[in-house]
Amino acid sequence: MLRPLQTNSSRIPTAFYEQHDTLTLARLLLGCELVHDSPEGLTAGVIVETEGYLTGDPACHAYRRPTPRNAAMFGPAGTLYVYQIYNHYNCVNIVTGPEGVGEAVLIRALEPTEGIDLMGVRRNEAFRTGFARYRNNTIDPTTPAGFRNLCNGPGKLVIAMGISRQEHNFASLTTGPIFVRAAEPLPDSDVVTTTRIGITQGVDLPYRFYLRGNRFVSKW
DNA sequence: GTTCCGATTATCT
DNA sequence: GATAATCGGAACT
């Protein structure tokens with residue numbers, strides 16, 4: 001028998017995604033928990049690092065035109081956009097802006113809070129089934145280093161959370177198994193704003209946000 | 001059909 | 001810091 005979805009009461013509703021612009025959401029999502037109530041178990045982590053990708057922004061996948069890859073970005077706010085990068089990893093975005101407008105918030109790092117063991121199992125499984133040269137690697141989530149390395153990067157957190165392009169691209173955060181738990185808004189002083197990571201266009205735009213002093217961000 | 005390159009990661013130096 | 005791993009998608013011809 002299927003378990004009921006847990007903690008639906010704190011799931012962020014559609015209106016929240018609709019009522020804020022992309023950069024505001026990128027800030028507001030910090031401190032909230034990303035949750036995946038999957039068949040294997042529930043995993044969750046506090047969002048500690050985000051990036052905004054906007055219309056007219058050359059680094060945005062939707063900058064040029066709608067394509068099969070970026071189609072989810074043009075969906076309604078609160079949709080998931082999952083894309084493959086470097087042919088090894090996937091990154092997860094929360095689609096923002098009105099339907100027909102291609103904007104999104106990239107989730108770059110989580111501080112794990114629930115399902116730590118499952119995260120470790122998934123990350124080790126990815127090693128085992130990944131490149132031959134990495135097959136003997138392991139992550140021990142009971143050690144400080146292993147714990148810290150579970151979700152401190154956009155490709156890592158997708159693995160740890162059990163998110164896949166096939167299953168979750170186009171998924172709704174307001175009705176699906178992946179959702180965000182609301183949190184109290186953080187004071188501006190807790191949020192650091194910088195330029196984005198790993199891009200070649202729009203490199204000077206200050207669209208990256210992370211929690212000040214947090215040890216789980218991808219780079220600091 | 002062909003070319004070019006990437007919103008990364010883990011490892012080694 | 002530098003580099004290998006390694007191939008799908010976008011933008012060309």
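Within every chain, numbering begins at 1; the chains are lettered A, B, ... in the order of the sequence lines, protein sequences first and strands thereafter.
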Quick check on DNA chain C: between Y89(A) and N70(A), whose nearest nucleotide comes earlier from the 5' end? Y89(A)
Rounded distance (Å) that lies between atom [atom2] of [N] and atom [atom1] of [X]:
| X | N | atom1 | atom2 | answer |
| --- | --- | --- | --- | --- |
| Y83(A) | dC5(B) | OH | C1' | 14 Å |
| Y86(A) | dA10(B) | OH | P | 14 Å |
| I85(A) | dC4(B) | CD1 | P | 20 Å |
| I107(A) | dT8(B) | CD1 | C1' | 16 Å |
| N90(A) | dG6(B) | CG | C1' | 14 Å |
| Q166(A) | dG8(C) | CD | C1' | 15 Å |
| R108(A) | dT8(B) | CZ | C1' | 9 Å |
| R148(A) | dA10(B) | CZ | P | 14 Å |

Between [options], which nucleotide gets closest to the side-chain atoms of [X]?
| X | options | answer |
| --- | --- | --- |
| Q84(A) | dG8(C), dA10(C), dT9(B) | dG8(C) |
| T200(A) | dT8(B), dG6(B), dA10(C) | dG6(B) |
| P68(A) | dA10(C), dG6(B), dT9(B) | dA10(C) |

Do you know which two heavy atoms are closest between N149(A) and I139(A), and how far apart they sit?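 What the structure gives for the nearest pair is O-CD1, 4.4 Å.
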Let me know which of T193(A), T194(A), T195(A) forms a side chain to side chain donor-acceptor pair (under 3.5 Å) with R208(A). T194(A)
Any heavy-atom pair between the side chains of M119(A) and C151(A) that's under 4.5 Å?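 In short, these two side chains touch, coming nearer than 4.5 Å.
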Is there a ring-ring contact (aromatic ring centres under 6.0 Å, His included) between F147(A) and F216(A)? Walk through the geometry before answering. CA-CA 9 Å; F147(A) 183 63; F216(A) 295 86; 5.5 Å; yes
Should dA7(B) form a Watson-Crick or G-U wobble pair with both distances under 3.5 Å, which nucleotide is its partner?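 Across any shown strand, dA7(B) pairs with none.
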Applying the Watson-Crick and G-U wobble criteria at under 3.5 Å, what pairs with dT6(C)? Answer none if nothing qualifies. none
What does L106(A) touch in the nucleic acid at a heavy-atom separation under 4.0 angstrom: a base, only the sugar-phosphate, or nothing?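 Base contact.
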Taking any heavy-atom pair under 4.0 Å as a contact, classify R196(A): base, sugar-phosphate, or nothing. nothing
Are R196(A) and Y53(A) in a cation-pi contact, defined as NZ or CZ under 6.0 Å from the six-membered ring centre and within 45° of the axis?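 Checked: cation-pi criterion met.
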Do we see a donor-acceptor contact under 3.5 Å between the side chains of E40(A) and S38(A)? yes
Within residues 51-59 of chain A, which residues have any heavy atom lying less than 4.0 Å from an atom of DNA chain B?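 Nucleic-acid contacts, sorted: Y53(A), A59(A).
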Co-membership, hydrophobic cluster, residues V158(A) and L118(A), 4.5 Å side-chain: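 Unlinked, V158(A) and L118(A) end up in two clusters.
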Would you say R123(A) reaches dA10(B)'s phosphate, i.e. side-chain N/O to OP1/OP2 under 4.0 Å?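 For R123(A), the contact criterion (side-chain N or O under 4.0 Å from OP1 or OP2 of dA10(B)) is met.
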